[in-house]
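Computed from a prediction, not measured in an experiment: that's the story for all the values here.
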Amino acid sequence: LEMIWESGPWRRDLERDALLIAKWSAAKPTSRRDVLLEKKVFLTAYSARKLLEARKIPDKIGSETLKFQSHPVKAVPTWINWHKLDKCYDFSAKQTTSVTIRELTNLIIHSYVMIFTMSRSKTITGFFLASDRSRKSRILYVPIKHYVNLCKKIAAAEVSSFSWRVQQDGQEQVVVT
């Protein structure tokens, strides 16, 4: 794993980007807005995962369980039909799916399907998400406000203690709280 030596700049950027996602999701719809939002969602997920992997935020944050609305697959999305959500997923069958924060960052980073949803006034309300693996079973709906708050929470998380030891089998055991 690559390490982050100083987490402050990563945290500040993550918080700033979360605020930009909130601002842009409420902005007038343009193709530029949509591209910027997509990029910021990817980059915030990457930053959050790097902070988790570098042990710069408490372990309990990464393993925290989140609940999202999901829908089962009808026909596995391909590179030709991935944008035709109604053909690929059964939106009449709502389910609740639990994923950890770490899993959510991986789903975004490895997304095969990520499509924003809009209100009647054309503000972004959330996004449908399926990774290269999860697309074969379900699609999740992530409300944009929920995602913004999650990024802010990760950016604000502070490490209060750190313990490390090498076990008899040579494996490292690290606990971050």
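The ring pair (Phe, Tyr, Trp, His ring centres under 6.0 Å) contacts involving residues 22-56 comprise nothing, where partners must be two or more places apart or lie in separate chains. Sequence neighbours left out, not one pair with a member in residues 101-128 passes salt bridge (charged side-chain N to carboxylate O under 4.0 Å, His left out). For residues 4-19, the pairs satisfying salt bridge (charged side-chain N to carboxylate O under 4.0 Å, His left out) are D13-R16, D17-K40, with sequence neighbours left out.
Residues meeting the salt bridge (Lys or Arg N to Asp or Glu O under 4.0 Å) test with E64, sequence neighbours left out: K153. The side chain to side chain donor-acceptor pair (under 3.5 Å) test applied to T44 returns Y147, not counting sequence neighbours. In this structure Y141 satisfies the side chain to side chain donor-acceptor pair (under 3.5 Å) test together with T117, T125, sequence neighbours excluded. Qualifying ring-ring contact (aromatic ring centres under 6.0 Å, His included) partners for Y112, counting only residues two or more places apart in sequence or in other chains: none. When the side-chain contact (heavy atoms from CB on, under 4.5 Å) test is applied to K94, the partners found at least two apart in sequence or on another chain are Q69, H71. Remark: H146 engages F68 in a ring-ring contact (aromatic ring centres under 6.0 Å, His included) (not counting sequence neighbours). Scored by the side chain to side chain donor-acceptor pair (under 3.5 Å) test, K23 finds no partners at all (sequence neighbours excluded). In this view, T96 satisfies the side chain to side chain donor-acceptor pair (under 3.5 Å) rule with no residue, not counting sequence neighbours. Not a single side-chain contact (heavy atoms from CB on, under 4.5 Å) links Q168 to another residue, sequence neighbours left out.
Remark: the backbone N or O of I21 is paired with a side-chain donor or acceptor of S25 at under 3.5 angstrom. At least one donor-acceptor pair under 3.5 Å links the side chain of T30 to the backbone N or O of R33. A donor-acceptor pair is defined here as one N or O able to donate and one able to accept, closer than 3.5 Å; such a pair exists between the side chain of S119 and the backbone of S121. Listed for the K84 side chain is no donor-acceptor partner under 3.5 Å among the backbone atoms of P77.
Note on I115: it clusters hydrophobically with W79, by side-chain heavy-atom contacts below 4.5 Å among ILVMFWY residues. Linking Ile, Leu, Val, Met, Phe, Trp and Tyr whenever their side-chain heavy atoms come within less than 4.5 Å leaves L43 and L19 in two separate clusters. With hydrophobic clusters built from ILVMFWY side chains whose heavy atoms lie under 4.5 angstrom apart, I144 shares a cluster with V99. Hydrophobic cluster membership is shared by L36 and V148, with clusters built from Ile, Leu, Val, Met, Phe, Trp and Tyr side chains linked at under 4.5 angstrom. In this structure, L20 is a member of the same hydrophobic cluster as L37, with clusters built from ILVMFWY side-chain heavy atoms closer than 4.5 Å.
Minimum interatomic distance between R138 and T97 (heavy atoms only, all atoms of both residues): NE-CG2, 3.5 Å. Contact between I139 and L129 at its shortest, heavy atoms only, is CG1-O, 3.4 Å. Contact record, L14 with A155: CD2-N, 3.8 Å, taken as the closest heavy-atom pair. When every heavy atom of A45 is checked against every heavy atom of I108, the shortest pair comes out as CB-CG2, 3.5 Å. Contact record, A75 with K87: CB-O, 3.8 Å, taken as the closest heavy-atom pair. Taking all atoms of both residues into account, the shortest heavy-atom contact from K67 to S98 is NZ-OG, 3.3 Å.
Within the 4.5 Å cutoff, no side-chain heavy atoms of S70 are placed close to those of Y89. Residues V76 and R135 meet the side-chain proximity criterion, which asks for heavy atoms closer than 4.5 Å. With a 4.5 Å cut-off on side-chain heavy atoms, N106 and R49 count as touching. A heavy-atom distance below 4.5 Å is not found between the side chains of S111 and S131. Between F128 and L85, some side-chain heavy-atom pair lies under the 4.5 Å cut-off. A 4.5 Å side-chain heavy-atom check between V142 and L104 finds at least one atom pair inside the cut-off. In this structure, the side chains of R133 and L107 stay at 4.5 Å or more apart for every pair of heavy atoms. Within the 4.5 Å cutoff, no side-chain heavy atoms of K136 are placed close to those of V73.
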Q | Chi angles and distances behind the side chain to side chain contact (heavy atoms under 4.5 Å, CB included) call for W10, K50 | A | CA-CA 9 Å; W10 288 78; K50 287 304 292 180; 4.0 Å; yes
Q: Evaluate the salt bridge (Lys or Arg N to Asp or Glu O under 4.0 Å) criterion for residues D59 and R55: first the C-alpha distance (whole Å), next the side-chain angles of each, then the deciding distance (0.1 Å), finally the verdict.
A: CA-CA 7 Å; D59 293 338; R55 311 308 281 266; 3.1 Å; yes
Q: Starting from the C-alpha separation in whole Å, work towards a yes-or-no answer on side chain to side chain contact (heavy atoms under 4.5 Å, CB included) for V41 and M114.
A: CA-CA 10 Å; V41 169; M114 191 170 89; 3.9 Å; yes
Q: Take T100 and L66 through the test side chain to side chain contact (heavy atoms under 4.5 Å, CB included) and record every step on the way to the result.
A: CA-CA 6 Å; T100 65; L66 309 169; over 6 Å; no
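The closest side-chain donor-acceptor pair between D34 and S31, if any, does not fall under 3.5 angstrom. Judged by distance alone, the side chains of S134 and S137 never bring a donor and an acceptor atom under 3.5 Å apart.
Interatomic distance, I101 CD1 to L52 CG, rounded to the nearest 0.5 Å: 7.5 Å.
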